[in-house]
Amino acid sequence: MISNTRAAGSLDLLRMMLTIRKAEERLASDFKAGMLPGPVHLYIGQEAVATGVCAGLDDRDWITSTHRGHGHFLAKGGDPKAMFAEIYGRSTGICGGFGGSMHVADVSKGILGANGIVGGGVALATGAALAAQLDGENRVGVCFFGDGAAAQGVLGEALNIAALWKLPLILVCENNGFSEFSPSSNVIAGDIYRRAEPYGVPSVRIDGNDLDAVLEASETALDRARNGGGGTLIEALTYRIHGHVEGEQAFLKTPYRADEEIERWRGEDPIERYARRLVDQGEMASGKFAELEEDIGRMIRDAADSVADDPYPEIGNLERHRLGAE
Amino acid sequence: MISNTRAAGSLDLLRMMLTIRKAEERLASDFKAGMLPGPVHLYIGQEAVATGVCAGLDDRDWITSTHRGHGHFLAKGGDPKAMFAEIYGRSTGICGGFGGSMHVADVSKGILGANGIVGGGVALATGAALAAQLDGENRVGVCFFGDGAAAQGVLGEALNIAALWKLPLILVCENNGFSEFSPSSNVIAGDIYRRAEPYGVPSVRIDGNDLDAVLEASETALDRARNGGGGTLIEALTYRIHGHVEGEQAFLKTPYRADEEIERWRGEDPIERYARRLVDQGEMASGKFAELEEDIGRMIRDAADSVADDPYPEIGNLERHRLGAE
Amino acid sequence: MRKRMIHAINDALFEEMERDERVILIGEDVGASIFGDTRGLLDRFGPDRVRDTPISEAVMGGMAVGTAAAGYRVVCHLMYANFIYTAFDAIANQASRLRLMTNGQIRLPVVFMAAGGGGRSNAGQHSDYPHAPVASLGGIYVATPSCSADAKGLLKTAIRTDDPVFFLQPTSRGGEMGDIPEGDHTVPLVSAHVARQGDDVTIVAVGAMLRIATRAADALAEEGVSVEIVDPRTSYPLDEDVILASVRKTGRLVVVDEARAAGSVANHISALVCEKAFSALRAPIIPVTTPDLAVAYSPPLEKAMIPGPEDVVAAVQRLIKETGQ
Amino acid sequence: MRKRMIHAINDALFEEMERDERVILIGEDVGASIFGDTRGLLDRFGPDRVRDTPISEAVMGGMAVGTAAAGYRVVCHLMYANFIYTAFDAIANQASRLRLMTNGQIRLPVVFMAAGGGGRSNAGQHSDYPHAPVASLGGIYVATPSCSADAKGLLKTAIRTDDPVFFLQPTSRGGEMGDIPEGDHTVPLVSAHVARQGDDVTIVAVGAMLRIATRAADALAEEGVSVEIVDPRTSYPLDEDVILASVRKTGRLVVVDEARAAGSVANHISALVCEKAFSALRAPIIPVTTPDLAVAYSPPLEKAMIPGPEDVVAAVQRLIKETGQ
Ligand SMILES: Cc1ncc(C[n+]2csc(CCOP(=O)(O)OP(=O)(O)O)c2C)c(N)n1
Ligand SMILES: Cc1ncc(C[n+]2csc(CCOP(=O)(O)OP(=O)(O)O)c2C)c(N)n1
Ligand SMILES: [Mg+2]
Ligand SMILES: [Mg+2]
């Protein structure tokens with residue numbers, strides 16, 4: 001697996017974005033094929049955010065994620081195979097098939113889990129940041145959340161506490177312009193990043209499809225957090241190319257966004273932009289990208305295929321999670 | 001009773017502040033005398049806020065209040081007798097003895113009630129403001145809340161919705177420096193009034209012990225709200241002269257504020273300040289204040305005495321509030 | 001008229017909003033309508049009365065209360081039933097008790113509606129059927145429709161009721177077809193319904209469990225066991241008379257509830273019967289519920305957790321065996 | 001050693017924070033300590049481990065979960081039990097189920113503590129005894145201490161437990177004295193206790209109701225009725241064996257619970273007994289609870305609502321009369 005460290009090189013970062021992309025493309029086709037038992041929310045188009053932020057983290061840093069959490073899981077070092085198995089509902093899944101797409105977690109990697117409650121990860125990450133502060137080992141807590149989630153009151157509560165206690169908390173808002181089917185402007189007043197200002201928490205808005213911008217903003221935030229400077233709110237502007245949830249066409253009567261809008265954002269693809277930048281600046285040979293795509297495509301295909309027929313969990317396993325069972 | 005209208009004259013306003021003060025002094029001595037069955041939180045020192053804000057309201061405007069709600073109740077036109085009877089737990093109480101000090105409400109006066117849940121009134125007032133907007137009759141919803149309550153996430157949620165929908169909502173934060181026994185600075189990061197800024201909701205911080213300042217700020221907010229301009233957050237700096245709750249000395253081991261601080265704030269008494277201003281500017285004869293004090297003192301004494309031995313509610317009344325009972 | 005449950009709900013909302021202009025609807029994406037139950041309302045009634053809200057359940061819940069206190073009838077759509085937990089302060093500390101605390105000055109015509117229960121691999125945070133925690137508050141009706149007709153009739157009544165109602169539609173049954181009477185079809189809130197007549201054992205089945213119980217009853221009929229099925233329709237308050245009458249007739253009771261055992265009304269029904277129809281009871285009361293866990297994602301796990309016909313059949317067989325027919 | 005319950009709780013916190021430096025305490029004014037249960041901890045353990053929080057129950061609840069998931073043992077003091085509703089999303093959607101959803105990767109040593117129940121004219125928003133809604137979640141122990149010794153022993157165990165515990169101390173009993181064993185006194189979480197031996201009828205009494213039941217038993221003894229009292233100590237999960245054994249002995253059961261009927265565990269206990277000890281039952285099971293309303297303020301109303309010894313005596317008399325002694 002690609003491991004994520006501050007020292008990650010450009011190619012590793014590109015590989016990570018491609019890993020996320022290919023994994024999700026696979027999930028999209030799995031969904032169409034009826035292979036997925038539950039709903040999936042894909043991250044396609046937003047890969048630079050998870051990749052850039054997690055580039056500066058290691059296994060001992062904590063993240064919390066969202067219903068759209070595969071990208072965060074992979075970028076933080078989660079195993080694609082174990083993720084596929086989980087989403088297929090198999091016993092070999094990272095959560096034994098108990099959690100599924102909305103709950104992929106790997107605590108050994110510092111991944112406290114995707115979360116099906118919008119805004120649910122905010123308080124968890126605040127708590128993890130408190131633990132990090134108590135540990136005194138310069139860890140951080142990072143919370144990924146959406147623009148829609150910014151309407152949850154818990155965000156203000158977390159900003160207040162983070163400011164008061166100078167918690168090493170990094171709040172990463174992925175503003176993809178939609179909260180389900182509502183455009184942000186219908187449900188979010190003003191600029192999200194500015195919501196940190198009254199608390200005295202530094203904040204910044206960046207182009208979330210520009211991996212370099214994400215790297216820079218998160219490096220600043222991480223330096224601050226690791227050096228006792230407290231929290232940061234990063235608002236990364238991005239876009240989800242797929243629907244809110246796969247299969248949404250089946251139940252939506254009218255489209256909620258224009259095809260041209262989607263096309264325009266395809267032109268801002270974070271992976272292509274970064275690859276182009278690497279080629280332009282001579283950091284990558286021009287044929288390399290196709291090669292990477294193929295390699296990673298194969299790796300993902302193999303990962304998914306290798307677990308697609310794994311056994312379902314034993315029903316007896318349920319008893320393991322009853323109160324009183326050790 | 002003093003009725004509250006925008007046209008209220010200076011003397012009426014002074015009378016109202018004195019009414020609140022005398023009522024609460026009576027409650028303080030009732031508490032000492034063991035006459036009050038439950039806890040009471042007194043408003044002494046904060047009278048200018050309720051009085052100034054409610055001066056611009058009429059019965060058809062809505063307010064929500066807090067655990068420290070007697071002042072809001074009286075200023076909005078609630079009947080002192082019915083309030084005393086309620087706090088004494090009598091059947092003649094404004095809520096029939098069901099609610100007590102923390103729940104005094106008079107819907108006919110637009111008082112949706114004091115509230116024992118810190119921050120609980122915020123969403124209720126937002127809803128009332130929505131109703132006001134739907135009515136289209138230029139009513140407003142006003143929410144009184146404390147500095148401590150500003151830490152509740154629901155405030156951010158309300159600001160967001162108020163901004164999006166341009167609700168006629170006036171959020172009045174009475175910053176009395178303490179959240180129970182915690183000084184504001186321990187539990188509130190930054191300036192409360194600024195928390196409205198990122199949402200684009202106008203806000204202002206004022207001297208809450210200066211009735212004129214309160215009148216001015218609330219008039220601005222009311223004009224805005226009544227003319228389709230949306231919400232406002234007013235932060236009124238003030239101080240509670242009494243403890244958080246009567247009788248707190250009995251359970252607190254160490255004082256949480258200095259005597260000098262209390263003395264300093266006594267020097268800023270909103271009633272004395274306003275009376276002095278009226279005298280200085282020739283709006284009131286110099287002997288008038290003592291006379292008012294005495295009149296209102298008597299009125300309150302009579303009101304309280306007249307209900308102190310009223311009957312307790314019939315136990316059978318409980319059945320009236322069961323689901324299914326009309 | 002045959003309709004899917006989700007369309008029956010949609011009809012109820014249309015009709016009630018048409019009937020009374022003080023009915024308003026708030027909720028996340030009620031315009032787009034994920035489930036289809038609020039579809040078309042925004043177009044018909046406009047953005048004043050049909051309001052897409054931000055993802056802010058805490059303020060939504062309290063706002064519903066405030067708007068209702070100020071004179072409207074509010075339908076607050078909370079999407080998945082787990083999100084009532086996010087709005088729980090307003091539901092529990094405000095909606096359920098303002099009537100008492102104000103001595104009836106405030107009455108709250110509010111319907112909190114949401115889809116609950118499992119069956120679709122929505123996993124642990126989207127599959128609760130949380131009627132018991134809402135019932136625990138004492139001041140809120142809990143409507144648990146099992147079919148299209150009741151969904152429509154109960155919702156229409158709920159909207160006309162002056163106290164809060166939690167309308168808990170079963171996630172797994174939205175697409176199911178059912179007959180609906182023509183016209184202004186309403187169902188009173190506390191009116192359990194004998195869905196099938198029988199003599200040997202009573203099954204009280206809540207919400208989505210009605211179909212499960214019916215299948216079980218069909219299977220049991222082949223074995224010569226005659227099952228009476230009672231659908232409580234509101235799980236709080238319970239229509240005691242109908243339930244007790246059935247148990248007095250059969251002497252045996254199985255309660256089927258999709259909620260966790262500890263969060264079921266099976267307990268409430270058991271307690272009711274054991275207090276008030278004890279002498280009629282010929283056998284233990286058997287609850288059939290989901291185990292005390294969040295619903296797991298993987299289909300075999302989920303299927304094993306949620307009661308199925310075979311679980312109900314087994315419970316009834318146990319009863320019959322223990323007591324003779 | 002005799003101590004007030006509130007001091008027993010204070011001792012438990014002191015001892016556990018002393019014993020394990022990974023135990024931390026968060027809550028509003030836990031430094032000043034309104035109830036006295038957290039008094040002195042801030043001085044002794046410092047502001048890193050004892051944190052006064054803003055009034056932000058939503059983030060507090062979730063923060064407790066996050067800090068625990070990241071390796072600490074967290075005591076989250078929520079003051080009055082009604083404020084668990086304000087924190088309910090974190091309790092219900094996160095704390096109760098992360099263990100299952102992560103297949104046990106996350107274990108949560110979190111204690112949510114709060115004071116519940118009436119008796120002090122704290123009125124409708126400060127008097128709930130909400131064990132049933134928490135129990136409904138299935139993933140959280142609910143400890144309901146009735147006396148100083150159990151308060152100390154249960155809290156110490158709760159802090160050492162790797163799953164969440166809701167520690168619900170009775171508001172009306174903080175000042176009551178009780179004997180506490182010396183030393184490291186712990187009480188296992190699912191261990192009901194026979195508080196009084198008797199033959200004719202079992203009373204299961206939860207929390208503050210133990211004293212009420214004891215008074216009733218004294219009065220009944222004078223009439224020649226021998227009462228056995230069981231204190232469940234955790235109202236979720238129930239210690240089934242102890243409760244069932246007592247009912248098998250006496251054949252009669254009254255359950256006394258300060259919660260509303262619809263929010264009581266009286267129902268759960270009834271259901272348990274009616275399923276598993278049916279043949280031993282000689283009479284209906286009578287619940288004695290608060291009516292399904294928020295607690296009213298005025299003292300006579302409040303007193304009438306909350307079960308008292310006379311209510312328990314009446315219930316027992318009814319049973320005896322219906323079945324003969
Ligand atoms: C508490 C809660 N309310 C509502 C939902 C339903 N829901 C799921 S995703 C979503 C939109 C989230 O928007 P955003 O935070 O912008 O994330 P995105 O989907 O755009 O990544 C909503 C409303 C939920 N899961 N949890
Ligand atoms: C949800 C909730 N949490 C905690 C409390 C306990 N409590 C009552 S008053 C109070 C402090 C409120 O401070 P502030 O909002 O500043 O109002 P003030 O008392 O100063 O008027 C607290 C924490 C409560 N009543 N409700
Ligand atoms: Mg979004
Ligand atoms: Mg204050």
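Numbers restart at 1 for each chain; the letters A, B, ... are given by sequence-line order, proteins then strands. If you're wondering where the values come from, they're calculated on a predicted model, not measured in any experiment.
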Looking only at the side chains, is there a donor atom on one of [X] and [Y] sitting less than 3.5 Å from an acceptor on the other?
{"X": "C/D257", "Y": "C/Y129", "value": "no"}
{"X": "C/R252", "Y": "C/T202", "value": "no"}
{"X": "D/D128", "Y": "D/Y80", "value": "no"}

Using a 4.5 Å cut-off on heavy atoms from C-beta on, say whether the side chain of [Y] contacts that of [X].
{"X": "D/I286", "Y": "D/R318", "result": "yes"}
{"X": "C/I55", "Y": "C/E57", "result": "yes"}
{"X": "C/P237", "Y": "C/Y141", "result": "yes"}
{"X": "C/V230", "Y": "C/I203", "result": "no"}
{"X": "C/F112", "Y": "C/I84", "result": "no"}
{"X": "D/V190", "Y": "D/L238", "result": "no"}
{"X": "D/T234", "Y": "D/T144", "result": "no"}
{"X": "D/V201", "Y": "D/L253", "result": "no"}

Inset, instruction - Could you check D/V256 against D/V312 for side-chain contact (heavy atoms from CB on, under 4.5 Å), going step by step and ending with a plain yes or no? - result: CA-CA 7 Å; D/V256 193; D/V312 179; 3.9 Å; yes

Could you list which of [range] have a heavy atom closer than 4.5 Å to any heavy atom of chain D, in residue-number order?
{"range": "residues 240-247 of chain C", "result": "none"}
{"range": "residues 88-98 of chain C", "result": "C/F88, C/D89, C/A92, C/N93, C/Q94, C/R97"}
{"range": "residues 294-307 of chain C", "result": "C/A294, C/V295, C/A296"}

Inset, instruction - Decide side-chain contact (heavy atoms from CB on, under 4.5 Å) for C/L108 and C/V65; before the verdict, give the C-alpha distance in whole Å, the side-chain angles of both, and the deciding distance to 0.1 Å. - result: CA-CA 7 Å; C/L108 294 171; C/V65 170; 3.9 Å; yes

What part of [X] lies closer than 4.5 angstrom to a heavy atom of chain D: side chain, backbone, both or neither?
{"X": "C/N103", "result": "neither"}
{"X": "C/I285", "result": "both"}
{"X": "C/F278", "result": "side chain"}
{"X": "C/L281", "result": "both"}

Legend entry - From OH (D/Y236) to NE2 (D/H131), nearest 0.5 Å: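 Answer rounded to 0.5 Å: 14.0 Å.
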
Inset, instruction - Kindly compute the distance separating CG (D/N122) from CG (D/N82), expressed to the nearest 0.5 Å. - result: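 Taking CG in D/N122 and CG in D/N82, the distance rounds to 9.5 Å.
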
Looking at [options], which has the largest count of heavy-atom pairs under 4.5 Å with chain C?
{"options": "D/P287, D/A58, D/A277, D/A132", "result": "D/P287"}
{"options": "D/A261, D/S270, D/A262", "result": "D/A262"}
{"options": "D/A87, D/C274, D/G124", "result": "D/C274"}
{"options": "D/K276, D/E322, D/H268, D/M101", "result": "D/H268"}

Inset, instruction - Heavy-atom pairs under 4.5 Å with chain D are the metric here; pick the option from C/P284, C/G263, C/A266 that has the most. - result: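 Going by pairs under 4.5 Å, I would pick C/P284.
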
Legend entry - Among C/P291, C/S264, C/A123, C/A283, residue most engaged with chain D (heavy-atom pairs, under 4.5 Å):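 Highest number of pairs under 4.5 Å: C/A283.
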
Legend entry - Contact residues of residues 133-140 of chain D (partner chain C; heavy-atom separation under 4.5 angstrom):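 Counting heavy atoms that sit under 4.5 Å from chain C, the residues of residues 133-140 of chain D involved are D/P133, D/A135, D/S136, D/L137, D/G138.
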
Inset, instruction - Report yes or no: does D/T53 contribute a side-chain atom to a donor-acceptor pair with the main-chain N or O of D/E28 at less than 3.5 Å? - result: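 Looks like yes, one N/O pair under 3.5 Å.
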
Legend entry - Stepwise side-chain contact (heavy atoms from CB on, under 4.5 Å) check, D/M60 with D/H77: CA-CA 9 Å; D/M60 274 166 65; D/H77 198 307; over 6 Å; no

Inset, instruction - Run the salt-bridge test on D/R99 and D/D162 with the 4.0 Å N-O cut-off and return the result as yes or no. - result: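 No.
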
Legend entry - C/R233/C/D239 ion pair, N-O < 4.0 Å: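 No, no charged N to carboxylate O under 4.0 Å.
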
Legend entry - Mutual orientation of the aromatic rings belonging to C/F83 and C/H126 [parallel < 30°, tilted 30-60°, perpendicular > 60°]: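 Perpendicular, since the angle between the ring planes exceeds 60°.
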
Inset, instruction - Could you go through the side-chain contact (heavy atoms from CB on, under 4.5 Å) check for C/V288 and C/V255 one step at a time? - result: CA-CA 6 Å; C/V288 180; C/V255 188; over 6 Å; no

